[in-house]
Amino acid sequence: MVSATPLSFSLSQRILHWAMMLLIFFNLIFSDGMEHWSRLVSSGQTATADEISSANIHAYVGIAILVLALLRLALRLSRGVPAEPEQEPPVLQLAARIAHWTFYILFILMPVSGMLAYYGGVDIAGEVHGGPLKVLLWALIVAHVAAVVVHQYWWKSDVLRRMTRG
């Protein structure tokens with residue numbers, strides 16, 4: 001594992017973080033194509049080539065998120081992450097660790113459940129993917145951004161700098 005706690009995230013960790021952010025927001029905001037395809041298929045209608053292409057884009061982005069998440073997890077486990085800022089109360093440090101590991105779980109469960117639904121026809125996987133997992137991911141994103149704002153402007157810590165400039 002890791003021998004020393006790094007002071008900042010590595011360039012590769014930062015690139016993976018921001019690339020995944022863009023891909024995740026893309027799939028969360030532009031999921032209409034997949035949802036439309038799903039409605040067509042569940043009602044027994046035939047999807048057009050354009051509708052299938054739109055659904056495929058969502059699926060391929062999800063697969064990319066899964067691959068990047070596994071790379072990011074490997075980097076986290078091999079390189080480590082900076083320690084929580086001293087300004088952060090211990091209970092919030094624990095909450096941050098739980099939130100970060102929950103993100104990793106979602107980065108894996110969301111694409112896997114989506115693939116099971118899209119490629120495997122497992123309806124319950126699609127319901128979980130587009131329901132509770134999606135809501136939990138949005139809630140964590142909001143909490144994550146709020147935590148960054150608190151760190152930046154209330155505690156005046158270097159959390160944002162560690163993930164932007166290193």
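What you see is a predicted model; the values in this text were computed from it and never measured.
Nearest heavy atom pair, residue Q93 against residue P85, reads NE2-O, 3.2 Å. Taking each heavy atom of L66 and M115 in turn, the nearest pair found is CD2-CE, 3.6 Å. Contact between S12 and L75 at its shortest, heavy atoms only, is OG-CD1, 3.4 Å. Summarising the geometry of S8 relative to R14, their closest heavy-atom pair is OG-NH1, 4.4 Å, with the distance given to 0.1 Å. Smallest separation of non-hydrogen atoms from R162 and P82: NH1-CB, 3.1 Å. Between P6 and R79, the closest heavy-atom pair is CB-NH1, 2.8 Å.
Between the side chains of S54 and E51, no donor-acceptor pair is found at a separation under 3.5 Å.
Enclosure of atom OH in Y119 by more than 12 non-hydrogen atoms of other residues, nucleotides or ligands within 6.0 angstrom is indicated.
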* Determine, step by step, whether Q87 and W154 satisfy the side chain to side chain contact (heavy atoms under 4.5 Å, CB included) criterion, reporting the C-alpha distance in whole Å, the side-chain angles of both residues, the deciding distance to 0.1 Å, and the verdict. => CA-CA 10 Å; Q87 302 92 323; W154 181 262; over 6 Å; no

* Asked: Between I141 and F103, is a side chain to side chain contact (heavy atoms under 4.5 Å, CB included) present by the stated rule, with each step listed?
  -> CA-CA 9 Å; I141 290 169; F103 266 128; 4.0 Å; yes

* To do: Kindly determine whether R39 and Q45 satisfy side chain to side chain contact (heavy atoms under 4.5 Å, CB included), including the steps that lead there.
  => CA-CA 9 Å; R39 283 191 299 275; Q45 298 177 31; over 6 Å; no

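Residues F107 and T102 have side chains not in contact (no heavy-atom distance under 4.5 Å, counting atoms from C-beta outward).
Separation of atoms CH2 (W138) and CG (L133) is listed at 15.0 Å; rounding is to 0.5 Å. Here the straight-line distance linking atom CG of L92 with atom NE2 of H151 works out to 7.5 Å at 0.5 Å rounding. Annotation: the span from H17 atom NE2 to R72 atom CZ amounts to 5.0 Å, rounded to 0.5 Å. To the nearest 0.5 Å, the span separating OH on Y118 from OH on Y60 amounts to 6.5 Å. Remark: I108 CD1 to S113 OG distance equals 12.0 Å, nearest 0.5 Å. With values rounded to the nearest 0.5 angstrom, M163 atom CE is found 7.0 Å from Q13 atom CD.
The cluster map of Ile, Leu, Val, Met, Phe, Trp and Tyr, joined by side-chain heavy atoms under 4.5 Å apart, puts I15 and L71 in different clusters. W155 and L94 are assigned to two separate hydrophobic clusters, defined by single-linkage of ILVMFWY side chains at heavy-atom distances under 4.5 Å. Hydrophobic clustering (side-chain heavy atoms under 4.5 Å, transitive across Ile, Leu, Val, Met, Phe, Trp, Tyr) keeps L11 apart from L22. One hydrophobic cluster holds both L70 and V61 under the rule that ILVMFWY side chains link at heavy-atom gaps under 4.5 Å. In the hydrophobic clustering of ILVMFWY residues, with side-chain heavy atoms under 4.5 Å counting as a link, I63 and M20 come out together.
Under the 30°/60° scheme for interplanar angles, the aromatic rings of H100 and H144 are found to stand perpendicular.
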Sequence neighbours excluded and cut-off under 3.5 Å, please list the side-chain donor-acceptor pairs for residues 23-34, or say none.
residue, atom, partner, partner atom, Å
N27, OD1, H58, ND1, 3.2
N27, ND2, H58, O, 3.0
S31, OG, E35, OE2, 2.9

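For the pair K134 (side chain) and G131 (backbone), a donor-acceptor distance under 3.5 Å is absent.
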